[in-house]
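Structure first, commentary second.
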Amino acid sequence: MINAEPGTVFVTGASSGFGAAIARRFATAGARVIASARRAERLTGLAAELGPLVLPVTLDVRDRAAVTELLDRLPAEFAAIDVLVNNAGLALGLSPAQEADLDEWEQMIDTNCKGLAYCTRAILPGMVDRRRGHVINLGSVAGTYPYPGGNAYAGSKAFVHQFSLNLRSDLHGTGVRVTCVEPGMADTEFSTVRFSGDRAKADAVYTGMQPLTADDIAESVYWAATLPPHVNVNTIELMPVAQSFGPFQVARDG
């Protein structure tokens, strides 16, 4: 990873989907992985699967104090974080903005924006002091391309994209790298969460097409992190071949 050493990777939202796949990819390559998420039982299972290289920690990234306290009590062998993967995030609902649930908007903003900012701000000083490190943020193509019902979710991912670019500017000359990985359609628990556990509705999103997988995203993250330390990949945008772009919507009279 950094200078070809195993290193230490902090992954948020590691209990399922992209986060679990990212944790597996780094751990199997010999990295130490701090796997954080809210669901402790899933993290325990992941640690049992991957062994002592994985440190499971229960964390809600929306809790600013908890983020700071966690870093203060990391074991010495996990304390110097080389790669931060800000993966924790979610989408809720597909209602148009005028009908959307404000509580859902708030939860998406708190997790996708504020939680990412809390973790980044807590971990960056150590990277800067060591003059090495890599912040990898999970964005989305939704942050670039609008779609009906995207509203607050898409806005939160636009924040992730722009925040990542501005981190690059702030970190100029420090040796710390920043990458934003922006996937398109991927078959994980994401849609199940978006549709409040309605698995049939979630499955319908991917009917008749081959979406990206969590392993595809994990491989992209791992690739960016394991390039030589003088190389910074600013943005990775990836979609399944079956997904592309449509024409503008036009409302017509009559």
Side-chain angles (χ1 to χ4, degrees), residues 1-2 6-20 22-23 26-27 31-44 46-47 50 52-90 103 105-139 156-157 159-181 221 225:
M1 198 165 26
I2 305 300
T8 299
V9 184
F10 189 109
V11 183
T12 68
S15 60
S16 66
F18 295 166
I22 292 165
F26 279 101
R32 291 179 296 273
V33 178
I34 304 162
S36 74
R38 291 178 299 162
R39 293 179 287 187
E41 72 286 352
R42 291 211 180 181
L43 294 175
T44 300
L46 187 67
L50 296 173
L53 286 175
V54 174
L55 175 68
V57 292
T58 305
L59 177 69
D60 185 338
V61 297
R62 297 173 297 176
D63 187 335
R64 178 176 170 179
V67 171
T68 302
E69 290 166 8
L70 170 62
L71 294 178
D72 289 341
R73 57 184 171 82
L74 286 174
E77 64 271 27
F78 286 90
I81 296 166
D82 296 297
V83 180
L84 165 62
V85 184
N86 280 311
N87 167 73
L90 77 166
D103 288 339
W105 277 14
E106 188 169 38
Q107 186 176 349
M108 287 186 279
I109 293 166
D110 284 349
T111 307
N112 301 355
C113 301
K114 293 168 68 175
L116 180 147
Y118 295 158
C119 292
T120 302
R121 180 60 181 83
I123 291 171
L124 265 185
M127 291 182 172
V128 172
D129 286 347
R130 292 185 294 275
R131 299 195 63 80
R132 71 177 192 274
H134 199 159
V135 178
I136 302 180
N137 295 325
L138 265 293
S156 74
K157 291 304 184 177
F159 166 85
V160 174
H161 175 89
Q162 195 63 29
F163 185 68
S164 300
L165 293 180
N166 279 273
L167 284 177
R168 280 278 288 134
S169 184
D170 287 345
L171 293 167
H172 181 76
T174 66
V176 179
R177 304 188 289 179
V178 183
T179 300
C180 192
V181 178
V221 169

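Heavy-atom basis, side chains included; hydrogens, waters and symmetry copies ignored.
- Side chain of Arg32 to main chain of Glu77: a donor-acceptor pair is present (N/O by atom type, distance under 3.5 Å, no hydrogens or angles).
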Practice prompt. Step by step, work out the side chain to side chain contact (heavy atoms under 4.5 Å, CB included) result for Leu59 and Val67.
Written response: CA-CA 7 Å; Leu59 177 69; Val67 171; 4.1 Å; yes
Practice prompt. Decide side chain to side chain contact (heavy atoms under 4.5 Å, CB included) for Val178 and His134; before the verdict, give the C-alpha distance in whole Å, the side-chain angles of both, and the deciding distance to 0.1 Å.
Written response: CA-CA 6 Å; Val178 183; His134 199 159; 5.6 Å; no
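- Atom CZ of Arg42 is surrounded by more than 12 heavy atoms from other residues, nucleotides or ligands within 6.0 Å.
- Distance check, rounded to the nearest 0.5 Å: OG1 of Thr8 to CZ of Phe78 gives 7.0 Å.
- Taken from OG1 in Thr120 to CG in Leu84, the straight-line distance is 5.0 Å, to the nearest 0.5 Å.
- Judged by distance alone, the side chain of Asn87 and the main-chain N or O of Thr12 form a donor-acceptor pair under 3.5 Å.
- Side chain of Thr174 to main chain of Leu171: a donor-acceptor pair is present (N/O by atom type, distance under 3.5 Å, no hydrogens or angles).
- Looking only at distances, a side-chain donor or acceptor of Asn112 sits under 3.5 Å from a matching main-chain atom of Leu90.
- Note that CZ of Phe26 and CG of Asp82 are 10.0 Å apart. Values are rounded to the nearest 0.5 Å.
- Residues Val33 and Leu50 have side chains not in contact (no heavy-atom distance under 4.5 Å, counting atoms from C-beta outward).
- Counting only distance, with no hydrogens or angles, the side chain of Arg130 and the backbone of Ile81 share a donor-acceptor pair below 3.5 Å.
- Between the CG atom in Leu165 and the CG atom in Asp170 there is a gap of 11.5 Å [rounded to 0.5 Å].
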Discussion item. Test side chain to side chain contact (heavy atoms under 4.5 Å, CB included) on Val221 and Val85; report intermediate values, then the result.
Written reply: CA-CA 8 Å; Val221 169; Val85 184; 4.1 Å; yes
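- In this structure, the side chain of Ser36 engages the main chain of Val11 through a donor-acceptor pair within 3.5 Å.
- The CD atom of Gln162 lies 15.0 Å from the NZ atom of Lys157; values are rounded to the nearest 0.5 Å.
- Counting heavy atoms from C-beta on, the side chains of Cys113 and Val160 never come closer than 4.5 Å.
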Practice prompt. Start with the C-alpha distance between Arg39 and Leu43, add both sets of side-chain angles, then the distance that settles side chain to side chain contact (heavy atoms under 4.5 Å, CB included), and finish with yes or no.
Written response: CA-CA 7 Å; Arg39 293 179 287 187; Leu43 294 175; over 6 Å; no
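- Using a 4.5 Å heavy-atom threshold, the side chains of Ile34 and Val9 count as separate.
- In this structure the side chain of Leu55 reaches within 4.5 angstrom of the side chain of Leu74, judged on heavy atoms.
- Only one option out of Thr179, Val176, Asn137 pairs with Leu167 in a side chain to side chain contact (heavy atoms under 4.5 Å, CB included); it is Asn137.
- Across every non-hydrogen atom of Ser15 and Ala20, the tightest pair is C-CB, 4.2 Å.
- A donor-acceptor pair is defined here as one N or O able to donate and one able to accept, closer than 3.5 Å; such a pair exists between the side chain of Asp60 and the backbone of Arg62.
- Listed for the Lys114 side chain is no donor-acceptor partner under 3.5 Å among the backbone atoms of Asp63.
- Summarising the geometry of Ala88 relative to Gly13, their closest heavy-atom pair is CB-N, 3.7 Å, with the distance given to 0.1 Å.
- When all heavy atoms are compared, the tightest approach of Gly89 to Thr111 is CA-CG2, 3.8 Å.
- Counting only heavy atoms from C-beta outward, the side chains of Asn86 and Ile136 never approach each other to under 4.5 Å.
- Atom CZ of Arg38 has 12 or fewer neighbouring heavy atoms from other residues, nucleotides or ligands inside a 6.0 Å radius.
- Here the straight-line distance linking atom CD1 of Ile123 with atom CZ of Phe10 works out to 5.0 Å at 0.5 Å rounding.
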